[in-house]
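Every number for a ligand or one of its atoms is a count from 1 in the order of the listing. Throughout, residue positions are numbered sequentially from 1 according to the sequence presented. As a basis for the values below, the full set of heavy atoms in this structure was taken, side chains included, without hydrogen atoms, waters or symmetry mates.
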Amino acid sequence: MAEKNSPSSDEHLLTIEDLNIYLKGKSSFLNIVEGLSLNINYSEVFGLVGESGCGKSLTALSILRLLPPNITTEGSIYFHPLKKNILSLSDDELLDLRGKEISMIFQEPMTSLNPVFTIGYQIEEVLRLHEGLSKKQAHQRAVELLEAVKIPMAGKRINDYPHQLSGGMRQRVMIAMAIACRPKLLIADEPTTALDVTVQAEILQMLLEIQKSHRMSVLLITHDLAVVAQTAHRIAVMYAGRIVELARKDELFKNPRHPYTLGLLNSIPKETSKKLEPIPGVVPSPGELPEGCKFVTRCKYRIKDCHKKEPQLIDTGDNHYSRCLRANEFIN
Ligand SMILES: Nc1ncnc2c1ncn2[C@@H]1O[C@H](COP(=O)(O)OP(=O)(O)OP(=O)(O)O)[C@@H](O)[C@H]1O
Ligand SMILES: [Mg+2]
């Protein structure tokens, strides 16, 4: 278990406990995400990091119960303000939750906006539906939202269609829509991956300003450690459907305690950089994971025991969790 997940805690907004995500095959189930547990606190930016295919988006989609029909879940996702497990909400309760309490910026923003409606119409629709605002009120609020995400001349741009905006502007519109109903949790799945580095930095900065002023929690999903380095309070590193390390951001960067995180850190450029060292090999696909530790085939610290039994995610001290038999040897 990653953390003490008391459903009565005042600190926690969301508690995921022992989440398993299965892909239904012809004759069997493939366990894509296994035993994932974490808490997201109020007003916290929580970073979820890992290589492509490790299960980040499926984890995010399961929080909003948006998984496709061939994928099922077990475990619980407790949303504290409602005092309910999201995985057992009725359809009506889910409609209230989505957008209003928890909203999401999807990994492919360019395809998430409807090309045949103006951006103003699309934001106003969200406000009329969830907040019951009149046409005029919704319009006024939509302009304010576009201003909040720093779209210049918002009163004019509100009449634009998505194709009239740059990628960065469209992403800002997505953020405006996602925060329209002041959700308590915003899930941002690779919100800046498609953008160039300068625009990426501006959008992250803007997202952080909104997070602070709205006192909103953000689950920030990325494959890029540099993105969470600038933004997150705590970080969980995923590998092959499992959390392998979880710690406060400073701790994780200063003293990583899982070889996969060490590898990720060695593969990003630093000013005083030694030679960059990519992690050898590729992530095994969910059906072909090795016995024992799932990282064993790529790990330069492996010992015999690593092949035998998968290590648990344990607290190595000060709420710094690692799923490695040799975690204590990395403590400095
Ligand atoms: N609808 C689906 N049907 C079958 N397999 C799927 C489906 N969605 C995801 N998968 C598989 O589940 C695994 C996890 O997918 P997921 O999209 O969560 O990865 P991710 O960590 O978000 O990766 P990326 O960084 O590329 O977005 C992958 O192996 C993926 O191929
Ligand atoms: Mg993804």
* **Is_contact(atom 19 (O) of ligand 1), protein non-hydrogen, under 4.0 Å** => yes
* Does an N or O from Gly53, backbone or side chain, lie closer than 3.5 Å to an N or O of ligand 1? -> yes
* Do Glu74 and Tyr22 have a side chain donor and acceptor closer than 3.5 Å? -> yes
* Donor-acceptor pair, side chain of Ser62 and main chain of Arg65, under 3.5 angstrom -> no
* Structure fact -> Within the 4.0 Å heavy-atom cut-off, what Asn70 brings close to ligand 1 is side chain
* **pair Ile16-Ser37: side-chain heavy atoms closer than 4.5 Å** => no
* Asked: Would you say the side-chain atoms of Arg298 pair up with the backbone N or O of Gly281, donor to acceptor, closer than 3.5 Å?
  -> yes
* Can you tell me if Tyr301 and Glu329 form a side-chain donor-acceptor pair at under 3.5 Å? -> no
* Asked: Got a salt bridge between Glu101 and Lys84, using NZ or NE/NH1/NH2 to carboxylate O under 4.0 Å?
  -> no
* Taking 2.8 Å as the cut-off, does an N/O/S atom of Ser52 lie below it from the Mg ion (ligand 2)? -> no
* When the ring planes of Tyr121 and Phe117 are compared, do they come out parallel, tilted or perpendicular, using 30° and 60° as the limits? -> parallel
* Asked: Taking everything shown except Asp196 itself, do over 12 heavy atoms lie less than 6.0 Å from its CG?
  -> yes
* Examine Leu23 against ligand 1 and note whether any of their N/O atoms are separated by less than 3.5 Å. => no
* Asked: Of all the non-hydrogen atoms in the protein, which one sits nearest to atom 2 (C) of ligand 1, and at what distance?
  -> Ile71 CD1, 3.7 Å
* From the options Thr73, Ile102, Leu64, select the one residue that forms a side chain to side chain contact (heavy atoms under 4.5 Å, CB included) with Ile86. => Ile102
* Of the side chain and backbone of His223, name the one, both, or neither that has a heavy atom under 4.0 Å from an atom of ligand 1. => neither
* Asked: Between Ser57 and ligand 1, does any nitrogen or oxygen pair lie at a separation below 3.5 Å?
  -> yes
* With a 4.0 Å heavy-atom cut-off (strictly under), which part of Ile32 contacts ligand 1: side chain, backbone, both or neither? -> side chain
* Structure fact -> Ranked by distance from atom 25 (O) of ligand 1, the top protein heavy atom is Lys56 NZ, 2.8 Å
* **Pro68 and ligand 1 - part of the residue with a heavy-atom distance under 4.0 Å** => side chain
* Please report which non-hydrogen protein atom sits nearest to atom 26 (O) of ligand 1, along with the residue it belongs to and the distance in Å to one decimal place. => Ser52 OG, 2.5 Å
* Asked: Taking the inter-plane angle between the rings of Tyr260 and Phe295 on a 0 to 90° scale, is it parallel (under 30°), tilted (30 to 60°) or perpendicular (over 60°)?
  -> perpendicular
* Looking only at heavy atoms, is any part of Ile221 under 4.0 Å from ligand 1, and if so is it the side chain, the backbone, or both, or is it neither? -> neither
* If we only count N/O pairs under 3.5 Å, is Leu58 in contact with ligand 1? -> yes
* Taking atom 27 (O) of ligand 1 as the reference point, the nearest protein heavy atom with its distance -> Gln107 NE2, 2.8 Å
* To do: Would you verify that at least one protein heavy atom lies under 4.0 Å from atom 13 (C) of ligand 1, or report that none does?
  => yes
* To do: With the side chain counted from C-beta on, respond yes when Lys294 and Arg323 share a heavy-atom pair under 4.5 Å apart, and no when they do not.
  => no
* Decide whether the shortest distance between a heavy atom of Gly50 and an atom of ligand 1 is less than 4.0 Å. => no
